[in-house]
Asker: 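Supplied in structure tokens, the structure appears directly below.
Proteins come first, then strands; the chains are lettered A, B, ... in the order of their sequence lines, and each starts at number 1. This structure is a prediction, so every number in the text was calculated from the model and none was measured.
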Amino acid sequence: MSTATDSVDLVGDEVAVNLVRAALLAALMGAFAFVSFPNPLNPAVPVTAQVLGVFLAGIYLGPAWGGFAMALYVLAGVLGAPVFSGASAGLAEIFGPTGGYLLSYPFAAALIGAVVHGVNGLVDPEGVSLPRLVGAMTAGTVVIYALGIAVYWYYLDTSLVAAIVGAGLVFVPAEAVKMAAAIGIVRSDEVQAT
Amino acid sequence: MLGYQHGDSLAHRLDPRTKLAVQLTFAVAAFAHTDPRGLAVLTVVTAGALASARLSPVAVLWGYRFLLPLLAAAVLFELVTLGPPWLDLAAAVDPLLASYRTLLIVAVAAGYVRTTAARESRAAVQWAIPGKPGRLLGAGVGLVFRFLPLLRRDLAAIRDAERARLGDERPTRERLQTVGAAGLRRAFARADRLAMALSARCFSWNATLPRIRFRAVDAPALALAAGLAASVLV
């Protein structure tokens with residue numbers, strides 16, 4: 001062991017709070033990957049709550065820290081934390097057919113945060129209008145599926161139609177359920193934003 | 001489930017940066033040579049990577065079994081046609097090769113996951129991304145590793161409570177909302193306590209990490225990574 005002798009450079013309180021919140025949201029999203037619910041529309045494909053985590057990151061942490069939280073989620077998964085669906089991990093997930101979804105999460109969360117909060121600091125999500133919340137999450141979902149389908153299509157050498165059906169249309173109805181759940185959470189008074 | 005396990009295999013002794021370099025170049029080479037001959041060579045490399053981590057291929061397949069239906073679906077979708085001749089073998093060749101390529105990349109990555117501790121990964125992150133962004137990412141990744149088991153237990157407790165009250169008979173949206181809200185509330189409560197505790201203990205930008213350095217044993221692995229990278233150009 002060596003001893004470092006440089007002076008200690010303290011992390012500011014605000015950065016520390018945001019860093020820890022982002023890290024715990026990323027970990028919560030990893031925990032969501034273990035939780036699956038029956039899909040009301042298609043029992044063969046269970047719903048996992050991961051995309052709900054992307055919505056919540058954008059809504060509660062805003063564009064910068066929400067995007068950072070998702071970047072942490074992806075990086076931790078790449079480095080071996082079992083946070084991806086089915087408790088898997090590793091760089092291969094990024095280079096796999098579902099890698100597009102994972103790579104899209106930081107962008108989707110940042111976009112959702114930007115639509116919900118605007119660019120001038122954070123607002124209380126409870127006061128944000130319903131159309132704005134729905135619009136933000138719809139935009140985020142479009143980003144997730146655009147990247148997800150593109151990578152799936154490129155990666156597995158299937159036809160574009162096969163990719164859109166196999167990697168997109170099968171899952172989209174479930175996203176509407178997650179959006180409704182996210183709105184319920186924002187409106188429920190249970191979670192304090194700050 | 002594959003996770004880090006303490007050990008003294010060859011892969012354990014490699015520098016985390018070496019292992020990341022091998023994984024990255026392996027993935028790039030696999031994309032460049034998705035043909036039977038290329039994949040045969042890469043299968044040999046994969047076998048070597050698994051042996052160096054003392055990891056059995058069966059354990060890898062079992063650990064990533066959730067991936068298998070997805071890969072099979074891609075092959076079947078192209079194989080089966082809606083009309084005579086019903087089976088189109090030629091169309092299924094490309095998805096089949098792509099699916100096999102996925103399995104190889106997964107196996108090599110599993111070797112990293114099994115043999116690299118979170119602290120070493122964090123040191124590699126801060127080496128690769130200098131300055132405060134790298135330190136933030138490094139610290140954040142450390143926290144994710146640390147808190148994942150706790151938050152999983154939180155969610156499991158919430159779901160137990162839900163089940164005890166017959167909550168699992170409610171519609172999916174309500175269940176997602178209950179679990180999501182309770183999970184987020186607990187995560188934020190933990191975050192605020194942790195942030196205060198970190199500040200109280202002088203949470204600093206320059207924390208001490210394990211020192212990572214290249215050793216003699218890294219040389220062959222780095223040569224392998226260089227070879228894989230060079231193979232893309234051939």
Side-chain angles (χ1 to χ4, degrees), chain A residues 4 6 8-11 13 16-17 19-28 30-31 34-35 37-40 47 49 52 56 71-73 75-76 79-83 85-92 95-98 155-158 162 166 177-178 180-182 184-185 188 190-192, chain B residues 1-4 23 27 63-64 66-67 70 73-74 77-78 94-95 98-99 102 105-106 109-110 112-113 116 118 121 125 136-137 139-141 143-145 147-148 151-152 155 159 171-173 175-177 179-181 183-185 187-188 190-191 194-195 198-199 202-206 208:
Chain A
D6 353 333
V8 172
D9 181 8
L10 290 183
V11 177
D13 280 351
V17 168
L19 168 66
V20 172
R21 284 187 154 217
L24 265 75
L25 213 137
L28 181 67
F34 289 82
V35 178
F37 297 92
N39 187 337
V47 182
L52 182 63
L56 295 176
L72 273 184
Y73 166 79
L75 187 62
L79 294 174
V83 292
S85 60
S88 57
L91 189 62
F95 285 100
T98 53
Y155 196 90
L156 288 179
D157 275 334
T158 63
V177 177
K178 287 175 212 170
I185 292 170
S188 71
E190 271 195 78
V191 182
Q192 295 301 313
Chain B
M1 195 176 79
L2 283 168
Y4 171 68
Q23 282 187 82
Y64 289 91
F66 301 98
L67 194 60
L70 198 73
F77 204 97
E78 295 297 322
D94 282 347
S99 294
T102 307
I105 298 177
V106 161
Y112 179 89
V113 170
T116 315
S121 289
V125 168
L136 274 182
L137 282 171
V141 166
L143 289 175
V144 174
F145 270 93
F147 277 87
L148 181 64
L151 295 186
R152 270 171 64 186
L155 282 191
R159 298 198 85 194
T172 301
R173 187 197 61 80
R175 293 178 62 194
L176 269 171
Q177 184 180 326
V179 173
L184 193 64
R185 195 179 59 237
F188 276 176
R190 282 187 189 283
L194 175 66
L198 283 172
S199 295
C202 303
F203 180 42
S204 70
W205 289 107
N206 42 1
T208 313

Asker: Between atom OH of B:Tyr112 and atom CG of A:Leu79, what is the distance when rounded to the nearest 0.5 Å?
Answerer: 4.5 Å
Asker: Specify the closest pair of heavy atoms between B:Ser199 and A:Ala16, including all atoms of both residues, with the distance to one decimal.
Answerer: OG-CB, 4.1 Å
Asker: So which of B:Leu137, B:Leu194, B:Val125 has the largest heavy-atom pair count under 4.5 angstrom toward chain A?
Answerer: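 Of B:Leu137, B:Leu194, B:Val125, B:Leu137 has the most heavy-atom pairs under 4.5 Å with chain A.
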Asker: Under a 4.5 Å heavy-atom cut-off, does chain B meet the side chain of A:Leu52, its backbone, both or neither?
Answerer: side chain
Asker: So, for A:Ala23 and B:Gly140, which heavy atoms are closest and what is the spacing to 0.1 Å?
Answerer: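 So the minimum-distance heavy-atom pair works out to CB-O, 3.8 Å.
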Asker: Shorter than 4.5 Å, heavy atoms on both sides: which option in B:Ala27, B:Cys202, B:Ala181 has the most such pairs with chain A?
Answerer: B:Ala181
Asker: Is A:Ala22 in contact with chain B via its backbone, its side chain, both, or neither, using a 4.5 Å heavy-atom distance?
Answerer: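 Neither part; nothing is under 4.5 Å.
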Asker: Sort out for me which of A:Ala180, A:Ala71, A:Ala26, A:Gly30 touches chain B most, counting heavy-atom pairs under 4.5 Å.
Answerer: A:Ala180
Asker: Mind ranking B:Leu198, B:Leu136, B:Asp94 by heavy-atom pairs under 4.5 Å with chain A and telling me who comes out on top?
Answerer: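 Sorted descending by pairs with chain A, the first entry is B:Leu136.
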Asker: Considering non-hydrogen atoms only, spot the tightest contact between B:Ala139 and B:Phe203 and give its length.
Answerer: CB-CZ, 4.3 Å
Asker: Chain B heavy atoms under 4.5 Å from A:Leu56: which part of the residue, side chain, backbone, both or neither?
Answerer: side chain
Asker: Excluding sequence neighbours, so at least two apart, what forms side chain to side chain donor-acceptor pair (under 3.5 Å) with B:Gln177?
Answerer: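 B:Gln177 satisfies side chain to side chain donor-acceptor pair (under 3.5 Å) with B:Arg173 once adjacent residues are dropped.
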Asker: Do you know which of B:Val179, B:Leu143, B:Leu155 has the most heavy-atom pairs under 4.5 Å to chain A?
Answerer: B:Leu155
Asker: Do you know which two heavy atoms are closest between B:Leu151 and A:Leu28, and how far apart they sit?
Answerer: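 So the minimum-distance heavy-atom pair works out to CD1-N, 3.3 Å.
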